[in-house]
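Following: one structure in structure tokens, then a few remarks.
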Amino acid sequence: MTNSDKLTLNSGVNKDVNVQCPRCVGSTAHKTLANATMSGGDGQMDWHTDYQILQCNGCKSISFRSESSNSEDFDHYIDTYGNDELVYRITEKLYPPRIYGYSGLGEDRWLLPDSLRRIYDETSSALTTDQPVLTGIGVRAILETLCKDKAADGGNLFKQIDDLVSKGILTPARASVLHQIRTLGNLSAHEVAPHTPAQLSLAMTVVDHLLEEVYILPAKTQRLFSGLKPTANPRP
Ligand SMILES: [Zn+2]
């Protein structure tokens, strides 16, 4: 920042911006509660960054977004009349970090055992901050922690997952999917090979469903239905 840089406050209040919500599934409309725009240049290059406090119109979560552009970073666009137009590329950053199409377990994480929640949080953070090798290793660590928590028998993760089927904790179909995810984590750990964001998002979605099935839904059911006793002659 130099003395010639310009600060403008709250020029975009109440404007709607579509971004991935930290809690809702998918991209939602967010209202701009406040914003600060910094702009400047050195005679050869101009730049501007807008820092925004946003609120999701759906769940009312508050989060932060910045969008930056500069006069050196643009695409050419040909309009319907054949005119060449310049469109500046916008670099977007979101805090807390998140990725489009993945919302995670949210507050339900608190229904996980401590050891699982710790590795789950670290892996989610690695996923949303673009650390693909660590995400792959984390996915495998989540599976290993779950197997340990459920006292799965077997000398390796493959056998332990199958043992959870024998114990009635996993369905065979779920185990089959987990074997593929397990392989993904193997490659990350031993080959230091990154996977694509789409592969890792899907792997974490599978992990989320697994944790919901094994921990979260049973805990919620226990809380909400623990006072209800099955009737002797249930109505059809
Ligand atoms: Zn929301």
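FYI, side chains are in, hydrogens and waters are out, and symmetry mates aren't considered; it's all heavy atoms of this structure. When a residue number appears, it is its place in the shown sequence, counting from 1. The structure presented is a predicted model; accordingly, all values stated were derived computationally and were not measured.
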> Are Leu178 and Phe158 connected in the hydrophobic side-chain network, where two residues link if heavy atoms are under 4.5 Å apart?
Replying inline: no
> Mind checking whether Tyr102 and Ser124 have side chains closer than 4.5 Å, heavy atoms only?
Replying inline: yes
> Should Arg23 and Cys56 count as side-chain neighbours, where that means a heavy-atom distance under 4.5 Å?
Replying inline: no
> Hey, does Ser103 have a side-chain heavy atom less than 4.5 Å from the side chain of Cys21?
Replying inline: no
>> Would a single hydrophobic cluster contain both Leu202 and Met204, if residues Ile, Leu, Val, Met, Phe, Trp and Tyr are joined by side-chain heavy-atom contacts under 4.5 Å?
In response: no
>> Applying a strict under-4.5 Å side-chain criterion to I, L, V, M, F, W and Y, I'd like to know whether Leu33 and Phe64 cluster together.
In response: yes
>> Do Ile99 and Leu127 make a side-chain contact, defined as non-hydrogen atoms from C-beta onward lying under 4.5 Å apart?
In response: yes
> Using 4.0 Å as the upper bound for N to carboxylate O, is an ion pair formed by Lys159 and Asp162?
Replying inline: no
> Does Ser39 reach the side chain of Asp5, with side-chain heavy atoms less than 4.5 Å apart?
Replying inline: no
> Any donor and acceptor pair, going by atom type alone, linking the side chain of Ser201 with main-chain N or O of Ala198 inside 3.5 Å?
Replying inline: no
>> A side-chain contact here means heavy atoms from C-beta on lying under 4.5 Å apart; do Asn18 and Thr28 qualify?
In response: no
>> On a heavy-atom basis, which atom in Thr135 and which in Ala126 lie closest, and how many Å separate them?
In response: OG1-C, 3.3 Å
> Would Ile142 and Leu116 count as a side-chain contact (heavy atoms from CB on, under 4.5 Å) if you check the C-alpha gap in whole Å, the side-chain angles of each, and the deciding distance to 0.1 Å?
Replying inline: CA-CA 7 Å; Ile142 290 171; Leu116 255 178; 3.9 Å; yes
> Among Leu146, Val139, Asp208, which one satisfies side chain to side chain contact (heavy atoms under 4.5 Å, CB included) with Tyr120?
Replying inline: Asp208
> Nearest heavy-atom pair of Gly138 and Thr123: which atoms, and what distance?
Replying inline: CA-OG1, 3.3 Å
> Which atoms form the tightest heavy-atom contact between Asp46 and Gly41, and what is the distance?
Replying inline: OD1-CA, 3.7 Å
> In terms of side-chain heavy atoms, does Ser63 have a donor or acceptor partner in Arg98 at a distance below 3.5 Å?
Replying inline: yes
> Are Tyr51 and Leu7 connected, step by step, through hydrophobic side chains (Ile, Leu, Val, Met, Phe, Trp, Tyr) whose heavy atoms are closer than 4.5 Å?
Replying inline: yes
>> Through direct or indirect side-chain contacts below 4.5 angstrom among Ile, Leu, Val, Met, Phe, Trp and Tyr, which residues connect to Val87?
In response: Tyr77
> Closest approach of Ser66 and Thr49, non-hydrogen atoms and distance?
Replying inline: CB-CG2, 4.3 Å
> Which is it for Tyr215 and Asp149 under the side chain to side chain donor-acceptor pair (under 3.5 Å) test, yes or no, and what are the steps along the way?
Replying inline: CA-CA 11 Å; Tyr215 294 98; Asp149 183 61; 2.6 Å; yes
>> Would Met38 and His48 count as a side-chain contact (heavy atoms from CB on, under 4.5 Å) here? Give the steps.
In response: CA-CA 6 Å; Met38 291 291 303; His48 113 278; over 6 Å; no
> Between Gln160 and Gly154, is there a donor-acceptor pair closer than 3.5 Å when you use the side chain of the first and the backbone of the second?
Replying inline: yes
> Is there a donor-acceptor contact under 3.5 Å from the side chain of Asn10 to the main chain of Asn35?
Replying inline: yes
> Can you hop from Leu217 to Leu224 via hydrophobic side chains spaced under 4.5 Å?
Replying inline: no
>> By the side-chain hydrogen bond (donor to acceptor under 3.5 Å, both in side chains) test, which pairs, at least two apart or in different chains, include something from residues 79-89?
In response: Asp73-Arg89, Asp75-Arg89, His76-Asp84, Asp79-Asn83
> Using 4.0 Å as the upper bound for N to carboxylate O, is an ion pair formed by Asp50 and Arg65?
Replying inline: no
> Under the side-chain hydrogen bond (donor to acceptor under 3.5 Å, both in side chains) rule, what pairs show up with a residue in residues 165-178, not counting sequence neighbours?
Replying inline: Asp163-Lys167, Arg174-Glu213
> With side chains defined as the heavy atoms from C-beta onward, is the minimum distance between Lys31 and Asn14 less than 4.5 Å?
Replying inline: yes
> Under a 4.5 Å cut-off applied to non-hydrogen side-chain atoms, are Leu112 and Leu211 in contact?
Replying inline: yes
>> salt bridge (Lys or Arg N to Asp or Glu O under 4.0 Å), that's the test. Do Arg140 and Glu144 meet it? Break it down for me.
In response: CA-CA 6 Å; Arg140 184 183 171 91; Glu144 288 172 342; 3.1 Å; yes
